Protein chains: 2
Amino acid sequence: MNTAVFPTRQPAEARQAAMVQAVLALAAQQEPASITTTDIAKAIGLSQGAVFRHFPNKQAIWQSVAEWLEATLLPLIQTAAQSSPDPLANLGNIFRAHLQFVQENPGVPRFIFHELQQPADSPVKQQVAGMLQRYGGILIGVLQQAKAQAVVVPNLDERSAATLFIGSLQGLVMQSMLAGSFASIQPVAEGVLVLYLRSIRKEVG
Amino acid sequence: MNTAVFPTRQPAEARQAAMVQAVLALAAQQEPASITTTDIAKAIGLSQGAVFRHFPNKQAIWQSVAEWLEATLLPLIQTAAQSSPDPLANLGNIFRAHLQFVQENPGVPRFIFHELQQPADSPVKQQVAGMLQRYGGILIGVLQQAKAQAVVVPNLDERSAATLFIGSLQGLVMQSMLAGSFASIQPVAEGVLVLYLRSIRKEVG
DNA sequence: ACAGTATGTTAGTAAGTACTCGCTAACATA
DNA sequence: TATGTTAGCGAGTACTTACTAACATACTGT
């Protein structure tokens, strides 16, 4: 995680970005709740005190992580959602894009769950909740498109379908947590996608 | 959570059980990682030091919670899995039984996720992982039964179907975390179940 | 050349953390 | 009644946490 061999002085922006990535890297290996400012400092090769040169407090770091997440994930999903004229194919593309993103950033699901667990409506939780809301909105949009093209059952409940979609991804994440790695779930993932599409698709003649 | 109005002396077993319930109750309101022995002591009306009269250390408390969970959830699922001769109906019954259990014990999903997040193979994580393994086994059994009765698609991948089943429940749990309560997701839950069954069911006529 | 500022270190603080210890009172039983 | 056990309290222990203050040094604009 060390961005430089020599501990050169770096601008605040670079340090902030490095810390955000460090948090995600650490979250891949341990509970987000147990990540300390000392851990973060060590990960980027700085003293613990220096952390507070670039963030006013710890919560601001988490806020930054949430912002990075929203700015990275949503465009990815949005692009996949419009990647073809076929809505069902687009759902598959979102599914695969999401899985790949999570595979490359294993700390992300833990971070999200960590925040949602918080009972208080902290700004960070609100940010994450808002992102998931928008994620669901994208899904519902694609599902409505599918309904308009009559490729799904005409009485489809989009909200339930969106919940099942996100749940199917979560089930895979959980599976990988049990297995300890993402490597072994690839075939299961494809199987789950097939089942999901079958659950909403209109039977063809 | 207080089992007695007057802080009477109670046998160790009763205190242990009370602490397990206290942990689950606290987990419904805060992150499991942030539950302290002081919190637990307060919840059952004891001094913090007294906690260690009944448990050798904190991990032993979590271990007890995991054991309670396994001993409570699995029989519930097992019963639902055999509740009728119709495998598909039984899947629905498992689904509803699980949801009701989670609704009555909102701390449970948080506890499970908290343990799975742990990278080290602590005894507690192994216990939880084992329970989920057995849960999946029960599901796969019902799915195989359904296949034998030819009420699902003949080439169904049971492992994917079990993953999607658990995922569908997780999606609902996540939805309720976003909403802040379980109350509002009842209709969505039924919709999700309908979709799930559609994903595996063989088309009739 | 040099003042000002941004970035860094080291060494603190107060508030928590799990866990222990000496002691006491309730209970069981010989 | 004497003796041993169990369950409790309250005040400690050593350690960790987020955050701060005092001081040092590289970079920048004039």
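Here the structure is a predicted model, which means the values were calculated and not measured. Lettering of chains follows the sequences in order, A, B, ..., and the numbering in each one begins at 1.
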Atom CD of Gln59(A) and atom P of dT17(D): how far apart are they, to the nearest Å?
-> 19 Å
In whole angstrom, what separates Ile40(A)'s CD1 from dT16(D)'s C1'?
-> 15 Å
From CE of Met19(B) across to P of dC19(C) the rounded distance in Å is 13 Å
Lys58(B) has a side chain; which of dC19(C), dG8(D), dC19(D) sits nearest to it?
-> dC19(C)
If dT5(C) has a Watson-Crick or G-U wobble mate with both distances under 3.5 Å, name it; if not, just say none.
-> dA26(D)
Once base and sugar-phosphate atoms are separated, protein heavy atoms under 4.0 Å mark nucleotides 20-25 of chain D, 5' to 3', with B, S and - as B-B--B
Does Arg15(B) make a side-chain N or O approach to OP1 or OP2 of dG8(D) shorter than 4.0 Å?
-> yes
Does a side-chain heavy-atom distance below 4.5 Å link Leu139(B) with Ile77(B)?
-> no
Is the distance from OP1 or OP2 of dG8(D) to the nearest side-chain N or O of Ser47(B) less than 4.0 Å?
-> no
note: Leu46(A), atom CG; dA26(D), atom C1'; distance rounded to Å ~ 14 Å
With a non-hydrogen cut-off below 4.0 angstrom, is Thr36(A) in contact with a base, only sugar-phosphate, or nothing?
-> sugar-phosphate
Does Gln170(A) reach the side chain of Val173(B), with side-chain heavy atoms less than 4.5 Å apart?
-> no
Using Watson-Crick or G-U wobble geometry with both distances below 3.5 Å, tell me the partner of dG22(C), or none.
-> dC9(D)
Which of the following nucleotides, dG8(D), dG8(C), dT10(C), is nearest to the side chain of Gln10(A)?
-> dG8(C)
Measure the shortest side-chain to side-chain distance between Val124(B) and Gln118(B) over non-hydrogen atoms and say whether it is less than 4.5 angstrom.
-> no
How many Å lie between CD1 on Ile35(B) and P on dA18(C), as a whole number?
-> 11 Å
Would you kindly give the CD-to-C1' distance between Gln16(B) and dA7(D), to the nearest whole Å?
-> 12 Å
Do Arg96(A) and Gln100(A) come within less than 4.5 Å of each other through their side chains, counting heavy atoms only?
-> no
Taking the side chain as every heavy atom from C-beta outward, state whether Val128(A) and Trp62(A) have any pair of such atoms under 4.5 Å apart.
-> no
Distance in angstrom units between Asn57(A) CG and dA14(C) C1', rounded = 17 Å
Would you tell me if any nitrogen or oxygen in the side chain of His54(A) comes within less than 4.0 Å of OP1 or OP2 on dA6(C)?
-> no
Ile61(A) has an atom CD1; how far is it from atom C1' of dA18(D), in whole Å?
-> 10 Å
Partner of Leu195(B) under side-chain contact (heavy atoms from CB on, under 4.5 Å), chosen from Asp157(A), Leu156(A), Val153(A) = Leu156(A)
Side-chain contact test, heavy atoms from C-beta onward, threshold under 4.5 Å: evaluate it for Leu169(A) versus Phe165(A) and give yes or no.
-> yes
